[in-house]
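Input: a single structure, listed below in structure tokens.
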Amino acid sequence: MPRKNIATGTPWEPIVGYSRAVRMGSFIAVSGTTATDAEGNIVGHGDPYVQALQVLRNIEAALRSAGAQLKDVVRTRMFVTNIADWERVAKAHAEFFGDIRPASTMVEVSRLISPEILLEIEADAIVNDS
């Protein structure tokens with residue numbers, strides 16, 4: 001089964017040794033994604049809703065690069081640094097996935113790679129090529 005690694009060109013990918021997304025057959029895994037713009041700047045300082053919107057846009061772009069769409073997502077995992085932000089993060093998630101309704105998890109973590117990053121989201125998708 002061929003493997004396709006999707007890179008975005010961020011400096012972190014080769015340092016850490018990961019891909020933004022990996023597609024093997026019909027399965028696509030999108031790595032933990034944060035609220036960064038095309039230049040790697042953090043978007044939405046202090047605002048978990050704005051950050052979640054950016055994260056989900058980044059996930060959508062990674063899926064497109066792998067030949068998928070949001071409708072193909074079957075699971076998301078949300079990691080937030082403050083569980084009290086859950087409603088704002090959930091609101092953004094619902095704007096992207098309200099009709100798709102993938103299996104989903106949200107957990108609080110003690111911190112992420114930068115204190116300005118309030119959340120990180122992973123996604124798994126299965127593409128139906130038929």
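All values below come from the heavy atoms of this structure, side chains included, with hydrogens, waters and symmetry mates left out. We number each residue from 1, following the sequence as shown.
When all heavy atoms of Thr33 and Val55 are compared, the closest pair comes out as O-CG1, 3.3 Å. Annotation for Thr76 and Pro102: closest pair CG2-CG, 4.2 Å, computed over non-hydrogen atoms. Residues Glu108 and Ile83 come closest through the heavy atom pair OE2-N, 3.0 Å. A pairwise comparison of heavy atoms in Ser104 and Met78 identifies OG-CE, 3.0 Å as the closest pair. In plain terms, the two heavy atoms of Leu118 and Pro48 that are nearest each other are CD1-N, 3.7 Å. Annotation for Thr36 and Gln54: closest pair O-NE2, 3.2 Å, computed over non-hydrogen atoms.
Taking CD1 of Ile59 as the start and CD1 of Ile28 as the end, the distance is 12.5 Å to the nearest 0.5 Å. Taking CD1 from Ile121 and OG1 from Thr105, the interatomic distance works out to 12.0 Å, rounded to the nearest 0.5 Å. Put simply, OG on Ser31 and CD on Glu120 are 8.5 Å apart, with the number rounded to the nearest 0.5 Å.
The hydrophobic clustering, which links ILVMFWY residues whose side-chain heavy atoms are closer than 4.5 Å, places Ile6 and Val22 apart. Hydrophobic clustering (side-chain heavy atoms under 4.5 Å, transitive across Ile, Leu, Val, Met, Phe, Trp, Tyr) groups Val30 together with Leu70. Under a hydrophobic clustering in which Ile, Leu, Val, Met, Phe, Trp and Tyr are joined whenever their side-chain heavy atoms come within less than 4.5 Å, directly or via other members, Ile100 and Val89 fall into the same cluster. In the hydrophobic cluster analysis, where Ile, Leu, Val, Met, Phe, Trp and Tyr join through side-chain heavy atoms closer than 4.5 angstrom, Val43 is grouped together with Leu119. Trp12 is not connected to Ile117 by any chain of hydrophobic side-chain contacts under 4.5 Å among Ile, Leu, Val, Met, Phe, Trp and Tyr, and they are in different clusters.
The side-chain hydrogen bond (donor to acceptor under 3.5 Å, both in side chains) test applied to Ser110 returns no partner, not counting sequence neighbours. Partners of Phe79 under the ring-ring contact (aromatic ring centres under 6.0 Å, His included) rule, at least two apart in sequence or in another chain, do not exist in this structure.
For residues 72-92, the set of pairs meeting the salt bridge (charged side-chain N to carboxylate O under 4.0 Å, His left out) definition, not counting sequence neighbours, comprises Arg77-Glu122, Arg77-Asp124, Asp85-Arg88. Among residues at least two apart or in separate chains, there is no salt bridge (charged side-chain N to carboxylate O under 4.0 Å, His left out) pair with a member in residues 28-57. For residues 4-29, the salt bridge (charged side-chain N to carboxylate O under 4.0 Å, His left out) pairs, not counting sequence neighbours, are Arg23-Asp129.
Apart from Val74 itself, the hydrophobic cluster it occupies contains Phe27, Ile126, where clustering links Ile, Leu, Val, Met, Phe, Trp and Tyr at side-chain heavy-atom distances under 4.5 Å.
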From CA spacing to verdict: side chain to side chain contact (heavy atoms under 4.5 Å, CB included), Leu112, Thr34: CA-CA 10 Å; Leu112 294 167; Thr34 58; 5.5 Å; no

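Within 6.0 Å of CG in Asp99 there are 12 or fewer heavy atoms belonging to other residues, nucleotides or ligands.
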